[in-house]
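Fair warning: this is a prediction, and the values are worked out from it, not measured in the lab. Each chain gets a letter, A, B and so on, in the order its sequence line appears, and its residues count up from 1.
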2 protein chains.
Amino acid sequence: MTGHPATQPDLGVLAARILMSVQRELFTALAEQGFDDIAPRAGAVLAHLRADGIRASELARASGQHKQVVGSLVDDLEHLGYVERRPDPADRRAKLVCPTERGLLQMAAAAAIMRSIEERHARALGEREYAAFKAALRSVAELPPESPHGTRPPGPGDGA
Amino acid sequence: MTGHPATQPDLGVLAARILMSVQRELFTALAEQGFDDIAPRAGAVLAHLRADGIRASELARASGQHKQVVGSLVDDLEHLGYVERRPDPADRRAKLVCPTERGLLQMAAAAAIMRSIEERHARALGEREYAAFKAALRSVAELPPESPHGTRPPGPGDGA
DNA sequence: CCTTGATAGTCAATTTTGGTGACCATTTGC
DNA sequence: GCAAATGGTCACCAAAATTGACTATCAAGG
């Protein structure tokens with residue numbers, strides 16, 4: 001990251017700024033809607049929850065966090081009543097992290113807030129431009145880093 | 001953040017992913033070039049350094065970190081020989097954080113690495129598309145959050 | 001089968017970070 | 001020249017990430 005004011009802020013600085021701003025607004029709005037007991041860091045788990053459950057290790061991969069961190073996050077969310085751990089029928093080692101009723105409500109609320117944030121940006125940029133921006137953002141997020149020699153195809157590798 | 005795999009990953013998830021990937025690649029490359037003693041978190045300061053110096057409080061604003069954090073970051077970077085504190089001639093309370101020779105080298109190296117990362121994305125997306133993407137990214141990063149009533153103009157308000 | 005190696009998850013200990021409140025020096029506005 | 005705001009630091013505390021080890025299970029191969 002190298003955003004000298006002389007230079008334009010670089011990709012990393014911009015990403016960090018957007019992340020901070022989105023996080024702040026999302027969790028402020030969630031708190032106003034009654035979800036005031038979840039720490040922003042729990043977003044790493046909540047953002048990747050699925051109604052039908054997801055494995056902790058997959059959460060770790062998707063969020064880029066270590067599995068110990070995900071474990072403690074899930075602990076917290078479980079105590080708060082947002083998720084519960086259920087055994088994974090397909091693998092007796094694994095446990096599925098499933099949202100509870102309250103978890104589903106939170107997911108819906110967060111999705112609505114994120115929609116409104118993105119709609120605001122879409123209005124500012126123009127619908128078409130924002131759609132193009134979002135698509136480009138996805139591409140950039142999915143482009144594999146560096147690949148010194150034998151690049152693997154950019155296929156569905158990234159689970160999330 | 002609400003990126004159910006069913007849904008597309010949202011703005012926050014994408015920003016987080018890009019930030020992580022950029023950080024990892026940048027600091028790996030810096031380490032390979034001999035700058036292996038700087039922690040990624042110091043990027044919050046390094047990214048906003050200026051050759052002619054910048055105040056700690058401005059670093060705090062630009063990076064979104066508390067001034068105590070910036071202080072300790074600057075301490076570390078000072079011990080490592082990347083920056084030095086000089087009194088600000090314009091305000092005897094303030095100190096300017098100025099890059100040393102080594103700091104300037106680091107800034108140049110980081111800028112080059114970031115350029116190569118962005119060039120890779122530009123190749124993947126197309127030069128035109130990437131330029132449009134980058135412009136949109138800046139707009140999104142600068143759009144003020146929410147503004148329930150009397151919006152202030154989106155002028156140069158954001159210091160960084 | 002029975003071994004070998006990888007994967008899923010947890011526990012515990014350590015280290016890093018981040019956050020808080022108080023505090024001094026200086027500047028700014030009245 | 002006094003009060004309030006700003007720049008910066010100190011000392012302490014809480015939260016968080018990283019590491020390493022360990023159990024249970026799965027998947028391959030012999």
key: Separation of atom CD in Gln65(A) from atom C1' in dT16(C), rounded to whole Å   = 15 Å

task = Please state whether the phosphate of dT10(C), meaning OP1 or OP2, lies under 4.0 angstrom from any side-chain nitrogen or oxygen of Lys95(A).
result = yes

message = Measure CE/Met20(A) against C1'/dG18(C) and give the value in whole Å, please.
response = 14 Å

request  = Scan for salt bridge (charged side-chain N to carboxylate O under 4.0 Å, His left out) pairs involving residues 102-111 of chain B, sequence neighbours excluded, and state none if there are none.
outcome  = Asp37(B)-Arg102(B)

Axis bend over the full length of the helix from dC1(C)-dG30(D) to dC30(C)-dG1(D), computed from five pairs that close each end, to 10 degrees = 40°

task = Map Lys67(A) and Leu73(B) onto DNA chain C by nearest heavy atom, then report which one ends up closer to the 5' terminus.
result = Lys67(A)

key: Whether Glu118(B) side chain and Leu11(A) backbone form a donor-acceptor pair below 3.5 Å   = yes

request  = Only counting residues at least two apart or in another chain, list the ones meeting salt bridge (charged side-chain N to carboxylate O under 4.0 Å, His left out) with Lys95(A).
outcome  = none

key: Partner set under side-chain hydrogen bond (donor to acceptor under 3.5 Å, both in side chains) for Glu78(A), not counting sequence neighbours   = Arg85(A)

ask   = Given side chains that start at C-beta, do those of Phe35(A) and Leu80(A) come closer than 4.5 Å, heavy atoms only?
value = no

Val69(B), nearest nucleotide to its side chain (from dG8(D), dG18(C), dA17(D)) = dG18(C)

inquiry  = I want to check one thing: is the phosphate of dG8(D), taken as OP1 and OP2, less than 4.0 Å away from some side-chain N or O of Ser57(B)?
reply    = yes

ask   = Expressed in angstrom and rounded to an integer, what is the separation of Asp75(B) atom CG from dG18(C) atom P?
value = 14 Å

note = Rounded to whole Å, the CZ-P distance (Arg55(B) to dT9(D)) equals 13 Å

query = Counting only side-chain N and O atoms of His66(A), is one of them less than 4.0 Å from OP1 or OP2 of dT18(D)?
reply = yes

remark   = Applying side-chain hydrogen bond (donor to acceptor under 3.5 Å, both in side chains) to Asp52(A) and not counting sequence neighbours gives Arg50(A)

Distance in angstrom units between Ile54(B) CD1 and dG8(D) C1', rounded = 15 Å

message = Rounding to an integer number of Å, can you tell me how far Gln68(B) CD sits from dA22(C) P?
response = 13 Å

ask   = Which pairs, with at least one residue in residues 74-111 of chain B and sequence neighbours excluded, count as a ring pair (Phe, Tyr, Trp, His ring centres under 6.0 Å)?
value = none

note = Residues passing the side-chain hydrogen bond (donor to acceptor under 3.5 Å, both in side chains) test with Glu25(A), sequence neighbours excluded, are Arg120(A)

task = Using salt bridge (charged side-chain N to carboxylate O under 4.0 Å, His left out) as the criterion, list what pairs up with Arg24(A), not counting sequence neighbours.
result = none

request  = Ignoring backbone atoms, test whether Arg41(A) places a side-chain nitrogen or oxygen under 4.0 Å from the OP1 or OP2 oxygen of dA15(D).
outcome  = no

ask   = Does any residue of residues 78-94 of chain B have a heavy atom under 4.0 Å from DNA chain C, and if so, which ones, in number order?
value = Asp91(B), Arg92(B), Arg93(B)

